[in-house]
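Just so you know, residue 1 is the first one in the sequence shown, and it goes up from there.
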Amino acid sequence: MRWALLAIAVAALAAPAPAAAHLRTSRDAVDYRASARPVDAPLRVRIYRADLALGFTLLGAHRVMVLGYLGEPFLRLEPDGVFVNAASPTAAGAKLTRPHASSSRPVWQLRSRRPSVIWHDARVRGLPHGVMHGTWRIPLLVDGRRTRLEGTIERVPAPAGWPWLVVGGAFALAAAFALWRRALIRRATVWLGAVGAGAALLSAGGFATASTASQGAWIEGGNEAVVALVAVAVMIWGSNDARALAGGFLGLLALSVGLTKLPVLRHGIVLSALPGQPARLAVAIAIGAGAAASILGLVVFFDVLEHFEEEPELLHHP
């Protein structure tokens, strides 16, 4: 029994590391969706979902010049690479180059040997308050011919909150019933912890395998899986008390993971490999079941602690 408690304590000390390290750099949810219309230019255009960054890749032996906010030459894509105008205010604002002394003539600097570039353009950003749809335009010069890239941007409203309150309420009722029927506390803690941890790992896996996932998201998901396996091992081979404590620890893990994904319940677009509503449901279950298992696990912990305190008295006073 003491070895099982020691294993849970070691896992508990290791658990906060993924959350405290803040290794994730990609977002979990956003409010805007942008798209680009087909353009009469030898370009492959990509708009990144996480931050609406623009990506241009030149196709073929052409020259494409991107004009800036003031109509000045900003970027130049050629087969030899990408050049940025250091005298362009747009380049400085996009942090593609250091601020340069103003000049009426472009000051071209090589940025990449590959004809591909990614940057944040203020013309493809958010919308004013209360506006749900908008358009954006970026003027181009293709082999000296003027054209432009156009697209749309849309604000996606946040989902309704009541379904997730219902999910949380269901798990709260389950915990209350187990507290009322004290004989069910240990079994309920195990099951609620397992359900919460399963939902948390499903959620973490969805974000780790999304196209927007960073290396930090992979590391975080892997750490959470390893910590969960330690608790699962205790649940399989431990005593009844150890299994219940492991279930409470899994609930705490699920709750912490779910709370880090809380933005998916408050934003319209979920950046997960899972569809939006299933991803939100997994987060809601992780939070609801995790909180219920954590509370029941705490009750079990004090029961076990009280039992340990009574044993020496029984030995001295038979």
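Distance alone, capped at 3.5 Å, is enough to place a donor-acceptor pair between the Ser294 side chain and the Leu252 backbone. Listed for the Arg155 side chain is a donor-acceptor partner under 3.5 Å among the backbone atoms of Leu127. Within the 3.5 Å criterion, the main-chain N or O of Asp51 finds no donor-acceptor partner in the side chain of Tyr32. Looking at Asn85, its side chain does come within 3.5 Å of a backbone N or O of Val107 through a donor-acceptor pair. Counting only distance, with no hydrogens or angles, the side chain of Arg111 and the backbone of Leu96 share a donor-acceptor pair below 3.5 Å.
Defined by atom type and a distance below 3.5 Å, a donor-acceptor pair is missing between the side-chain atoms of Thr135 and Thr152.
Pro159 is listed as a side-chain neighbour of Arg280, based on a closest heavy-atom distance under 4.5 Å. For the pair Phe56/Arg44, no side-chain contact is recorded, criterion being any heavy-atom separation below 4.5 Å from C-beta on. Side-chain atoms of Phe171 and Ile285, non-hydrogen and from C-beta on, do get closer than 4.5 Å to each other. Contact annotation: the side chain of Leu70 approaches that of Pro89 to within less than 4.5 Å [non-hydrogen atoms, C-beta and beyond]. For the pair Leu67 and Leu140, the minimum side-chain heavy-atom distance is 4.5 Å or more. At a threshold of 4.5 Å between non-hydrogen side-chain atoms, the residues Pro278 and Leu281 do not count as touching. Residues Arg125 and His120 are in side-chain contact: their nearest non-hydrogen atoms beyond the backbone lie under 4.5 Å apart. Within the 4.5 Å cutoff, the side chain of Pro73 has no heavy atoms near those of the Arg105 side chain.
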Audit row: Arg266, Asp28, salt bridge (charged side-chain N to carboxylate O under 4.0 Å, His left out) steps and yes/no: CA-CA 11 Å; Arg266 299 185 287 108; Asp28 295 326; over 6 Å; no
For Ile287 and Trp164: C-alpha separation, side-chain torsions, deciding distance, then whether side chain to side chain contact (heavy atoms under 4.5 Å, CB included) applies. CA-CA 10 Å; Ile287 294 174; Trp164 323 126; over 6 Å; no
Side chain to side chain contact (heavy atoms under 4.5 Å, CB included) assessment of Val64 paired with Leu75: CA-CA 8 Å; Val64 174; Leu75 290 171; over 6 Å; no
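Note that CZ of Phe207 and OG1 of Thr260 are 8.5 Å apart. Values are rounded to the nearest 0.5 Å. Distance check, rounded to the nearest 0.5 Å: CG of Leu202 to CG of Leu274 gives 5.0 Å. Taken from CG in Asp80 to CG in Leu110, the straight-line distance is 9.0 Å, to the nearest 0.5 Å. Here the CD-OG distance, from Glu150 to Ser35, works out to 11.5 Å after rounding to the nearest 0.5 Å. Separating the CH2 atom in Trp119 from the OG1 atom in Thr90 is a distance of 10.5 Å, to the nearest 0.5 Å. Note that the CD atom of Glu78 and the NE2 atom of His62 stand 12.5 Å from one another [nearest 0.5 Å].
Trp108 carries Arg76 over the face of its six-membered ring, with the cationic atom under 6.0 Å from the centre and within 45° of the normal.
Applying the salt bridge (Lys or Arg N to Asp or Glu O under 4.0 Å) test to every pair with at least one member in residues 183-208, sequence neighbours left out, gives these pairs: Arg186-Asp241.
For Asp40 against Thr147, the heavy-atom pair with the smallest separation is O-CG2, 4.1 Å. Summarising the geometry of Leu296 relative to Ala178, their closest heavy-atom pair is CD1-CB, 4.0 Å, with the distance given to 0.1 Å. Here the shortest heavy-atom pairing between Val142 and Ala41 reads CG2-CB, 3.6 Å.
For Asp31, the side chain to side chain donor-acceptor pair (under 3.5 Å) criterion is met by His267, not counting sequence neighbours. Contacts of Ser116 classified as side chain to side chain donor-acceptor pair (under 3.5 Å), with partners at least two apart in sequence or in another chain: Thr57.
Around atom CZ of Arg145, more than 12 heavy atoms belonging to other residues, nucleotides or ligands sit under 6.0 Å away. Shown here is Arg137, whose CZ atom has more than 12 heavy atoms of other residues, nucleotides or ligands within 6.0 Å.
Leu58 pairs with exactly one of Leu77, Val117, Val82 by the side-chain contact (heavy atoms from CB on, under 4.5 Å) rule, that one being Leu77.
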